[in-house]
Amino acid sequence: MSETFFKPANRTVGIGTSIFTEISALAVQHDAVNLGQGFPDFPAPEFVKAAARAAISENHNQYAPAAGLPRLRQAVSAHWERRHGMRWDAADEITVTQGATEGLFAAAMATLNPGDEAIVFEPFYDAYVPDIQMAGALPRFVRLQPPTWSFRTEDLVAAFSPRTKVIFLNTPHNPTGKVFTEQELDVIAELARKHNVIVIADEVYSELTFDAPHTPIATRPGMRERTITLDSIGKTFSVTGWKIGWALAAPALTKALRAAHQFITFCNATPFQVAAAYALEQAPAFGYYEELRKAYDVRRQALTAILNQANLAPLPIAGAYFLLCDIAKQPFATDTDFCKHLIEHVGVAAIPTSSFYANPRTAPKLARFCFAKSQAAFDEAAKRLAALPQQP
């Protein structure tokens with residue numbers, strides 16, 4: 001079909017290939033150590049993998065209910081009550097989604113009409129703006145200011161208009177590693193209540209915090225009824241390829257989200273849902289979450305030392321598994337130029353942080369490195385980064 005014959009739908013215009021796909025493909029091409037894309041390169045816990053194998057052998061291989069297996073929804077509810085002291089009804093307030101990615105899209109479809117506006121904190125995970133665009137809505141950006149990545153209250157106030165319907169909130173935050181404080185959450189919550197706005201909260205790194213506790217915005221006063229919270233097992237249990245996530249929301253929001261969800265994917269893999277339920281049920285008995293944070297803190301310190309040695313000092317983080325490095329002194333015009341050089345000539349992959357900004361030219365010169373990697377990857381990256389020219 002020729003381009004003159006076919007004109008794409010307006011909702012797809014400007015949506016290109018994800019930066020993660022581009023960088024990972026370039027890393028494969030140049031046999032680079034991939035410290036770019038945020039996935040673990042080490043095995044998932046054996047008890048989680050064994051549960052998936054058992055589920056397949058026990059013939060849990062047919063369609064799950066569109067809302068998700070009742071066992072998994074109950075496990076999510078119990079997990080939340082245990083961690084955050086808030087109970088969600090498994091039948092009417094929890095929906096299993098094709099990872100948090102599909103949950104985000106379904107949430108946008110459920111809450112935004114053409115011409116509406118959605119507030120997005122910048123830098124942002126790259127799915128939010130396409131989700132907003134697909135819904136026919138418009139993003140409004142509020143800058144997080146380095147190095148603490150706080151926002152100015154006056155900037156957030158100014159972003160609201162009569163057309164604002166949604167705020168996208170990501171905490172712990174990708175790419176910065178910021179964990180929003182209770183005070184910041186309360187500012188967001190107050191404005192959401194004042195303007196009758198829904199918060200779509202992406203909390204996929206909820207169990208990966210280091211120097212600050214994670215507080216879900218749904219637990220703040222008046223926010224349970226106006227928040228859709230997305231989470232998944234991908235990051236927590238090192239099974240990003242399983243794509244098992246969930247959305248927690250009050251019944252009215254859940255009904256709208258499920259209306260979209262059933263015609264996006266209907267349901268996702270049944271044996272992985274069984275295994276996800278088992279993982280959530282058993283993890284506390286294993287002391288899993290405490291060990292997870294300890295293991296990731298060791299990785300954080302290891303990669304921090306390597307980057308410091310390469311004169312790529314990371315900014316401090318409080319959560320998630322990324323480090324942002326200041327590359328302003330590197331002899332490259334843009335962070336993208338730096339990252340391509342790093343892959344092609346040094347053999348290490350990182351993500352240019354400008355890809356998380358609406359206008360990349362206005363972004364600070366930072367590169368994102370992922371520490372969800374093995375010691376072998378760190379050792380090889382350290383050798384290769386030693387070849388990076390040192391800057392004064």
Side-chain angles (χ1 to χ4, degrees), residues 66-68 72-73 76-77 79-81 83-84 86-113 116-121 124-125 127-137 139-140 160 164-174 180 185-186 188-193 195-206 214-235 243-265 268:
L72 176 53
R73 285 181 276 147
V76 171
S77 177
H79 171 75
W80 249 76
E81 188 167 21
R83 294 285 284 119
H84 305 299
M86 178 176 283
R87 183 79 175 173
W88 295 91
D89 183 79
D92 298 321
E93 297 184 316
I94 300 174
T95 306
V96 178
T97 61
Q98 189 77 12
T101 306
E102 187 254 321
L104 287 163
F105 183 66
M109 295 300 108
T111 56
L112 290 167
N113 286 314
D116 287 344
E117 293 180 355
I119 294 173
V120 180
F121 289 100
F124 47 80
Y125 176 60
Y128 305 152
V129 173
D131 288 348
I132 293 165
Q133 182 175 335
M134 289 282 192
R140 296 284 299 271
F160 282 85
T164 305
K165 295 297 187 296
V166 164
I167 303 173
F168 279 78
L169 174 67
N170 178 206
T171 182
H173 186 263
N174 175 13
F180 281 72
L185 296 177
D186 286 342
I188 297 167
E190 180 183 358
L191 289 166
R193 294 191 302 268
H195 294 276
N196 194 27
V197 164
I198 301 300
V199 174
I200 297 176
D202 177 356
E203 300 183 2
V204 296
Y205 299 99
S206 58
H214 167 61
T215 301
I217 193 168
T219 65
R220 308 312 295 164
M223 292 306 294
R224 191 188 191 284
E225 299 300 314
R226 62 174 64 253
T227 301
I228 300 174
T229 302
L230 289 311
D231 205 342
S232 79
I233 68 164
K235 307 301 193 297
K243 300 301 288 181
I244 302 293
W246 50 84
L248 302 101
L253 287 172
T254 292
K255 183 179 180 181
L257 183 139
R258 288 180 180 179
H261 163 73
Q262 69 178 329
F263 293 112
I264 298 171
T265 61
N268 48 354

Side chain to side chain contact (heavy atoms under 4.5 Å, CB included), paired with Thr111, selected from Ile228, Asp116, Val197, Leu257
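Only one option passes, and that is Ile228.
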
Distance (rounded to the nearest 0.5 Å) between [X] [atom1] and [Y] [atom2]:
X      : Y      : atom1 : atom2 : value
Lys235 : Glu203 : NZ    : CD    : 13.5 Å
Asp202 : Tyr128 : CG    : OH    : 3.5 Å
His173 : Phe124 : NE2   : CZ    : 9.5 Å
Met109 : Phe263 : CE    : CZ    : 15.0 Å
His195 : Lys165 : NE2   : NZ    : 12.0 Å
Ile200 : Leu112 : CD1   : CG    : 6.0 Å

Show the nearest heavy-atom pair for residues [X] and [Y], with the distance to one decimal.
X      : Y      : answer
Leu253 : Ala249 : CB-CB, 3.7 Å
Ala100 : Ser232 : N-CB, 4.2 Å
Ala189 : Ile217 : N-CD1, 4.4 Å
Met223 : Val199 : CE-CG2, 3.6 Å
Asp231 : Val204 : OD1-CA, 3.4 Å
Arg83  : Ser206 : NH2-O, 4.4 Å

Given Phe168 and Asn170, is the side chain to side chain contact (heavy atoms under 4.5 Å, CB included) satisfied, shown in steps?
CA-CA 7 Å; Phe168 279 78; Asn170 178 206; over 6 Å; no

For Trp246 and Ile233: C-alpha separation, side-chain torsions, deciding distance, then whether side chain to side chain contact (heavy atoms under 4.5 Å, CB included) applies.
CA-CA 9 Å; Trp246 50 84; Ile233 68 164; 3.4 Å; yes

Hey, is the main chain of Trp88 close enough, under 3.5 Å, to the side chain of Ser77 for a donor-acceptor pair?
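Confirmed, Ser77 side chain pairs with Trp88 backbone.
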
Any donor-acceptor pair under 3.5 Å linking the side chain of Thr265 with the backbone of Gln98?
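Side chain of Thr265 to backbone of Gln98, a donor-acceptor pair under 3.5 Å: no, none is there.
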
Quick one: side chain to side chain contact (heavy atoms under 4.5 Å, CB included) partners of His84, sequence neighbours excluded?
Trp80, His214, Pro216, Thr219

For residues 130-137, which side-chain donor-acceptor pairs fall under 3.5 Å, sequence neighbours excluded?
residue, atom, partner, partner atom, Å
Gln133, NE2, Arg11, O, 3.1
Gln133, NE2, Val13, O, 2.6

Can you find a pair of side-chain heavy atoms, one from [X] and one from [Y], that are under 4.5 Å apart?
X      : Y      : value
Arg193 : Arg220 : no
Glu117 : Pro139 : no
Leu191 : Ile167 : no
Leu169 : Phe121 : yes
His261 : Val96  : no

The single option from Thr95, Thr97, Asp92 passing side-chain hydrogen bond (donor to acceptor under 3.5 Å, both in side chains) against Arg258:
Thr95

Residues Lys243 and Thr101: side-chain donor-acceptor under 3.5 angstrom:
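A pair is found: one side chain offers a donor N or O, the other an acceptor, under 3.5 Å apart.
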
